Protein chains: 2
Amino acid sequence: MAPTSETLTAERILEATEEVLRRHGPAKATVVDVARALGVSHGSVYRHFRTKAVLREAVTKRWLDRTSERLAGIVSDGSGPEERLRAWLAALFAAKRHKAGDDPELFATYTVLTDENGTAVGEHIADLTSQLTRIIAAGAGSGIFTAPDPAAAARAVFHATGRFHDPCYAREWTAPGIDEEFTAVVDLLIRGLGAPR
Amino acid sequence: MAPTSETLTAERILEATEEVLRRHGPAKATVVDVARALGVSHGSVYRHFRTKAVLREAVTKRWLDRTSERLAGIVSDGSGPEERLRAWLAALFAAKRHKAGDDPELFATYTVLTDENGTAVGEHIADLTSQLTRIIAAGAGSGIFTAPDPAAAARAVFHATGRFHDPCYAREWTAPGIDEEFTAVVDLLIRGLGAPR
DNA sequence: CAGCTGACAGATTTCAATATCTGTCATTCC
DNA sequence: GGAATGACAGATATTGAAATCTGTCAGCTG
């Protein structure tokens, strides 16, 4: 709909694809739609992305990366390890919950995208657990946490909090009492990580 | 296919329904199929179950209850609270993993049934957390665990181990390293529950 | 000549007609 | 007379023909 005369870049295609996905949903978003939105032929899109699947994967990666980048800021903020871990987990929960709550349809769209795309999700999770590992390793370094293997501890914490960040639980994120549940799990985990007294 | 002349009971209908679901899958299992399997008219089935949804719910409940009952045995076995908690969580994981692994198609069928049936699932989860509560309360009573609110602690433990019993993770239950992940999470939780040293 | 186009083959999706199913109930059967 | 039947209306699912989409590529365009 906007036949801009700028040169066609992968970036512009990704933006247009996001827009088409937002408008039409994952099932009806076609490469032809994306091309039309850019005012080019669909053959041109295939010059930048070999297949529709590759294009969708790129969009998915961008979306996931935006969350990772926001959280990265918390990893090295000023507070102590325990506060930082709490803040990071709370921020992860808040980020996912907002994505799901603010625009449920768009969230459903991206849930479909992530489902069809294990690789991008795997990298995203690796990203997140690596951030968690840094927080826990710092805590172990300063004697606040006991963690012989910080990476393993990070994975355990990540898995144990799945209920508060995994999309398959999204419908429960609006349930009353969910914040208490979150706090209960995080408290338990932090007690578990704590150095013996 | 088996026009037995026994009287038609709810029990017999449930058995036939399980069989039809096993054979045809959740999408194609019809009330007419169930009636045919019993050698009766479908009107007779409606005498015992008001709607198809009610029938499916009853089948779902039976299936879930079978798991609950198996686990109930562990709640009051001889060992100490920590071992009992470990054994119970491991048994829950093992039960679910076997259900998923032994007959993936049947598991997929019941996953559809549980998805369409929040109430039965809710009761099943209430059942399980109540068993967990008893274990944790016993541990708190003998000073092994610290748990001001055993029911809340039980819910936290149940949520934190979701990765190892929630059907939405079933595809990861065959991944290598899953046992180490399970142990890591359980260790962390048990450390978190432990009385301060 | 680098980038774009649009026609094309095969795969996939849509849509409307057709068939089946759900749930009811007047009637039949023991 | 209590349980079972089967015909029925409306809802849902299946099917196959037509439309659309994906991915390719020979040729156009600036």
Side-chain angles (χ1 to χ4, degrees), chain A residues 1-60 105 108-109 112-113 115-117 119-120, chain B residues 1-60 105 108-109 112-113 115-117 119-120:
Chain A
M1 291 287 167
T4 333
S5 52
E6 286 174 62
T7 45
L8 187 59
T9 62
E11 184 63 23
R12 283 187 65 220
I13 293 173
L14 288 173
E15 271 159 25
T17 306
E18 283 186 1
E19 179 57 21
V20 168
L21 281 165
R22 187 172 286 117
R23 271 198 158 75
H24 299 347
K28 290 197 187 174
T30 73
V31 176
V32 172
D33 288 332
V34 173
R36 194 169 20 240
L38 288 162
V40 299
S41 81
H42 74 280
S44 303
V45 173
Y46 281 97
R47 175 164 302 281
H48 292 85
F49 296 93
R50 226 172 55 266
T51 66
K52 186 188 187 183
V54 167
L55 174 57
R56 283 164 83 105
E57 173 166 2
V59 170
T60 308
E105 226 167 313
T109 292
V112 172
L113 288 183
D115 276 348
E116 74 193 18
N117 205 321
T119 310
Chain B
M1 292 290 168
T4 331
S5 52
E6 287 172 62
T7 44
L8 188 58
T9 62
E11 184 62 22
R12 284 187 65 221
I13 294 173
L14 288 173
E15 272 158 25
T17 306
E18 283 186 2
E19 180 56 22
V20 168
L21 280 165
R22 201 186 317 275
R23 269 197 158 75
H24 300 347
K28 291 196 185 173
T30 71
V31 176
V32 172
D33 289 330
V34 173
R36 194 173 13 242
L38 288 163
V40 300
S41 79
H42 75 279
S44 302
V45 173
Y46 281 97
R47 174 166 302 281
H48 292 85
F49 297 92
R50 228 174 49 269
T51 66
K52 186 187 186 184
V54 167
L55 174 56
R56 284 164 82 104
E57 173 165 2
V59 170
T60 308
E105 227 167 313
T109 292
V112 172
L113 289 183
D115 276 350
E116 74 191 21
N117 206 326
T119 310

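Everything quoted here is computed from the prediction, not taken from an experiment. Residue numbering restarts at 1 for every chain, and letters A, B, ... go by the order of the sequence lines.
- In this structure, OG1 on Thr60(A) lies 9.5 Å from CD on Glu18(A), to the nearest 0.5 angstrom.
- Nearer to the 5' terminus of DNA chain D, by closest-nucleotide assignment, is the contact made by Val32(A) (compared with the other of Val32(A) and Arg47(A)).
- As rounded to whole Å, 15 Å separates atom P of dG3(C) from atom CZ of Arg12(A).
- Val31(A) comes within 4.0 angstrom of the backbone, heavy atoms only, and of no base.
- Between the Asp115(A) side chain and the Val112(A) main chain, no donor and acceptor come within less than 3.5 Å of each other.
- For Leu8(B), the listed nucleotide lying nearest its side chain is dA4(D); candidates were dA4(D), dT5(C), dG23(D).
- Lys28(A) places its NZ atom 11 Å from the C1' atom of dT13(C), with the value rounded to the nearest Å.
- Side chain of Ser41(A), nearest nucleotide from dT22(D), dT22(C), dT5(C): dT5(C).
- Rounded to a whole Å, the OH atom of Tyr46(A) is 14 Å from the C1' atom of dC8(C).
- One interatomic measurement links the two molecules: NZ of Lys52(A) to P of dT13(C), which rounds to 8 Å at whole-angstrom precision.
- Within 3.5 Å, a donor on the side chain of His42(A) pairs with an acceptor on the base of dG23(D), or the reverse.
- Atoms CD and CG, from Glu19(A) and Leu38(A) in turn, are 10.5 Å apart once rounded to the nearest 0.5 Å.
- Between the CG atom of Asp33(B) and the P atom of dG23(C) there is a distance of 14 Å, given to the nearest Å.
- For Ser44(A), the side-chain atoms get nearest to dC4(C) when compared with the rest of dC21(C), dC4(C), dT22(D).
- Rounded to whole Å, atom P of dC4(C) lies 13 Å from atom CZ of Phe49(A).
- Looking only at distances, no side-chain donor or acceptor of Arg56(B) sits under 3.5 Å from a matching main-chain atom of Leu113(B).
- To the nearest angstrom, C1' of dT5(C) lies 16 Å from CZ of Arg36(A).
- What separates CG of Leu38(A) from P of dC4(C) is a distance of 11 Å, to the nearest Å.
- When the nearest nucleotides of DNA chain C are assigned to Ala27(A) and Thr51(B) by heavy-atom distance, the more 5′-ward of the two goes with Ala27(A).
- With a 6.0 Å radius and a threshold of 12 heavy atoms from other residues, nucleotides or ligands, Glu105(A) has its CD atom at or below the threshold.
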